[in-house]
A.B. asks: 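One structure coming up, written as structure tokens, with questions to follow.
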Amino acid sequence: MCIILIIYFVCRLLPVCKDGISLKYLSRSSCYLLHYYGVSCTGNLSNGNDERNREIDVEGLFRACTKSEDVKCLHALLAVSGKAKSSFVATRLINMYSYFGNVSLSQDTFDQVRDKDSYIWNSMISAYVRNRQSNKAVKCVSEMLSRTDVRPDFHNFPTVLKACSALPDGASLHCRILKSGFEWDVFVAASLVHMYCRFGFADRAYTIFKNMPSRDTGCWNSMISGYFQNGNAKEALSILDDMILEGVKMDSMTVATILSVCAQVNDLLRGMLIHLFVIKHGLEFHVFVSNALISMYAKLGELKCVPNIFDHMYVRDIVSWNSVIAAYEQNNHPYVAIKLFHRMHLNKVQPDLLTLVSLSSCVAQMKDPLCVKSVHGFITRKCWITEDIVIGNGVIDMYAKLGITDSARKVFERISRKDVISWNTMITGYAQNGLAADAVEVYHMMKEHEDLKPNQGTWVAILPAYAHLGALRDGMKIHGQVLKENLELDVFVSTCLIDLYGKCGRLSEAISLFYQVSRETSVPWNAIISCHGLHGLGDTSLKYFEEMLNEGVKPDQVTFLSLLNACSHSGLVDQGKWCFQVMQQEYEIIPTLKHYGCMVDMFGRAGLLETAYNFIESMPIRPDASVWGALLGACRIHGNVEMGRKASSHLFELDSQDAGHYVLLSNLYANFGRWEGVNEVRSLARDRGLWKTPGWSSIELNSRVEVFYSGNQSHPQYGEILKELGMLNAKIKSLGYIPDTSFVLQDVEADEKENILANHSERLAIVFGILNTPPKTCIRIYKNLRVCGDCHNVTKLISKLTEREIIVRDSNRFHHFNCSCGDYW
DNA sequence: CTAGGGTTAG
């Protein structure tokens, strides 16, 4: 196609002589180009065109370009006749380059033009915006505004406004533009509506919208998407109703927006009706409409229709591939997603950042360290530019999803102008990888930047970290902020708060919050079920599940995970089995490794080690380390050395890097005094360069979290704590306490064992609490490992002696001491 | 010759 056009172009436009093209008019590069395309430079070419016709031909050629290379070719040929530097031609070139994603060529073209008119400025700004280089777009806008030879007109406004609303500091520019009063123009008004929505002033946008003398479909779309992007999905839908009432027909843009609204408000029925509308009006031929359909179905967990839509698509763009890959990734089918990724590769579609974000999440789900490495390598080779904030944030997220928080942090540090999302992503990255303390550290760093305003995403990022650390006070401070910002009804924020209160032992607060929020989606239900389970209240969790079904809320895989966990903690084996069955048969949810792990844990805790083993053997997917780890943990509880050996042999084969597994097996041997086994495991762990995770306990006092390690003498109050601990020890011994040294897993003398026990970190933390709080104050301790049996006994006695309520949360569950009220506050 | 409103994610 291109070759023919070039020949045509050469025939019509270049100066010709009777024997063919006169080479003296061609530059070296265009000779080369012609040669490259196999165009003979001799031959019979027609002549005789006037100026106007030539330009019409250029137009045709522009339209025929299908890739950046075509434009380059055209550009080179235009350069020959010296036309490329005219503002008119350059504008077209800038647009073409930017359509094909090659902004740097747009910029080169732009820079070479001396007399720039408002058209060319406009095109350059659009080129940046189109390719998401918001920083450069805004820079370009301010440069234009600083010049005297060009003034923005009402054609410029939509572009300029769009550029401004892409960046928070674009806000200062929009005032300048507003002064000129072109609000009546449909395009300008629609852009204003859009911009106001971007800055969070949906009401102001609505005022403009309402006062418009006439509205085209674009304006309606602008208002609908504006409300939607502000999180007001309900208003968006009511605008749609108004639009239909006024007899304005939905177009492809409306449909695409509404589909994502449906996904957000969980309205599958409306989504399907829109799908029918799409079919009836043939709108599925717009790529983005089909894309929107795919993501709508994916978000609502209806994967059945997805392959149908995808396979019947006429054209597929990068978004189509990304959407379909994300659809499977988000619904826990990482292997299907990877297969699609391969198919995409075969179709020669280049993956972009978002593809890799999904891919990272898939790889993280599959827990395959080799895949993690290859994706990491891929990302590194791509060297995604860090100048654009969205790309930088995506890379941080990607590394966090892969569990490589160090790399995430490096990218984070390299971004010079971090926005709120950069910070939120970094905090979430740490929190989701269990590094709550790092998450808190980053949050404190964020607070030092006064120009940054934490938003809903920040709260959703930091609250789980506080919940993990048991930092109730800090969490409550965030609750205060949330109330100030009227965000307490936001489902995500309030779910995090429910989780926080639940995890910090304040069940009544969690419940009252739960009944305040909208319970239309499974999200808050999952939180309330999970936190009751954590407290060993499995029956209550099941009651909430029943209530959830009565209210017509569809449970998802997280719901069942929380339920199975709850059953496991409360020893409700039959109910757990029932849940596992219902999940598959009624809700067609395919159990993930996590579900299997819960089941094994449940059987194991109940002492049904054989059942657990057989259950693993019957699994349709390959059990991973967490499944075998659950069995090993159960063997430790029930003292079954043989089964423990069996489990650990599978375990070390699958994942030889987790120190915790070695500790478990060595503990199991130690319990039976089989020190040779202990030594064997320990030297194995040492050979593989693994160390036992140090145990720590933390306590929150006066808004500070104090962390104690086993026998750590660096604490300023260490002497005082030791003295008090000695006194308490003597007292509880007189009450009949005999240290249970079977929990000491080193092969040392008996009195040394007692000494080790007495130095367990939670005891230091508890005594610290007793010393530093008024009498009768409840003491809450958080511990990263499990509470050992001896500590359990001692804590019970200390609680009695000091008349203190003591709550210890370990890596597994809550331990309540002296709960005379029998309630959980 | 230009422009607004759309789909993936954070």
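So you know, we letter chains A, B, ... as the sequences are listed, proteins then strands, and number each from 1.
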A.B. asks: When you check the gap from the basic side-chain N to the acidic O, do A/D397 and A/K401 get nearer than 4.0 Å?
C.D. replies: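 Yes, A/D397 and A/K401 are salt-bridged.
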A.B. asks: Does the B/dG4 base have a donor-acceptor partner in the side chain of A/N221 within less than 3.5 Å?
C.D. replies: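 No such pair is found, so the answer is no.
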A.B. asks: Where does the angle between the aromatic ring planes of A/Y227 and A/Y206 fall among parallel (under 30°), tilted (30 to 60°) and perpendicular (over 60°)?
C.D. replies: tilted
A.B. asks: A/N122 has a side chain; which of B/dT2, B/dT8, B/dG4 sits nearest to it?
C.D. replies: B/dT2
A.B. asks: Of the candidate nucleotides B/dT7, B/dC1, B/dG4, which contains the atom at the shortest distance from the side chain of A/D216?
C.D. replies: B/dG4
A.B. asks: Can you figure out which of B/dG5, B/dA3, B/dG10 approaches the side chain of A/I421 most closely?
C.D. replies: B/dG10
A.B. asks: Roughly how many Å is it from OH in A/Y196 to P in B/dG4, rounded to a whole number?
C.D. replies: 19 Å
A.B. asks: Measuring from the side chain of A/S260 (C-beta onward, heavy atoms only), which nucleotide among B/dA9, B/dA3, B/dT7 has the closest atom?
C.D. replies: B/dT7
A.B. asks: Looking at B/dG5, does its base get a donor-acceptor pair with the side chain of A/D251 below 3.5 Å?
C.D. replies: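 Between B/dG5 and A/D251, which were checked side chain against base, a qualifying N/O pair under 3.5 Å is present.
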A.B. asks: Just compare B/dG5, B/dA3, B/dC1 and give me whichever is closest to any side-chain atom of A/T159.
C.D. replies: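 Among B/dG5, B/dA3, B/dC1, the one nearest the side chain of A/T159 is B/dA3.
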A.B. asks: Is any N or O donor-acceptor pair between the side chain of A/R132 and the base of B/dT8 shorter than 3.5 Å?
C.D. replies: yes
A.B. asks: I need the A/S358 OG to A/L340 CG distance, nearest 0.5 Å.
C.D. replies: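 The CG atom of A/L340 is 11.0 Å from OG of A/S358, to the nearest 0.5 Å.
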A.B. asks: Nearest-Å distance, CE (A/M253) to P (B/dA3)?
C.D. replies: 13 Å
A.B. asks: Of all the nucleotides listed (B/dT7, B/dT8, B/dA3), which has the minimum atom distance to the side chain of A/A292?
C.D. replies: B/dT7
A.B. asks: Let's see if you can work this out: which of B/dA3, B/dG4, B/dT7 has an atom nearest to the side-chain heavy atoms of A/H155?
C.D. replies: B/dA3
A.B. asks: Out of the candidates A/M250, A/K249, A/M243, only one should pair with A/T217 under the side chain to side chain contact (heavy atoms under 4.5 Å, CB included) rule; please name it.
C.D. replies: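 Per the side chain to side chain contact (heavy atoms under 4.5 Å, CB included) rule, the option paired with A/T217 is A/M243, out of A/M250, A/K249, A/M243.
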A.B. asks: Using a strict 4.0 Å threshold on nitrogen-to-oxygen distance, state whether A/D311 and A/R343 make a salt bridge.
C.D. replies: yes
A.B. asks: Under 3.5 Å for both distances, Watson-Crick or G-U wobble, that's the pair rule; now give the dot-bracket for DNA chain B, with | marking pairs to another strand and [ ] for crossing ones.
C.D. replies: ..........
A.B. asks: Of the options B/dT2, B/dG4, B/dG5, whose atoms approach the side-chain atoms of A/P158 most closely?
C.D. replies: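 For A/P158, the side-chain atoms sit closest to B/dG4.
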A.B. asks: So, is A/H194 near the phosphate of B/dG5, with a side-chain N or O under 4.0 Å from OP1 or OP2?
C.D. replies: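 Yes, such a contact exists.
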A.B. asks: Look at the side-chain N and O atoms of A/R130 and state whether any lies under 4.0 Å from the OP1 or OP2 oxygen of B/dA3.
C.D. replies: yes
A.B. asks: Among B/dT2, B/dC1, B/dG4, which is the nearest nucleotide to the side chain of A/C219?
C.D. replies: B/dG4
A.B. asks: Counting just side-chain N and O atoms, does A/K299 come under 4.0 Å of either OP1 or OP2 of B/dT8?
C.D. replies: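 So the side chain of A/K299 is within the cut-off, an N or O lying under 4.0 Å from OP1 or OP2 of B/dT8.
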A.B. asks: Which nucleotide wins on minimum distance to the side chain of A/Q330, given the candidates B/dA9, B/dG10, B/dC1?
C.D. replies: B/dA9
A.B. asks: Is the A/W321 to A/F310 ring centre distance short of 6.0 Å?
C.D. replies: yes
A.B. asks: From A/K418 NZ over to A/I396 CD1, what is the distance, rounded to the nearest 0.5 angstrom?
C.D. replies: 8.5 Å
A.B. asks: State whether A/E413 and A/R409 are salt-bridged, where the test is any N-O pair (Lys NZ or Arg NE/NH1/NH2 against Asp/Glu carboxylate O) under 4.0 Å.
C.D. replies: yes
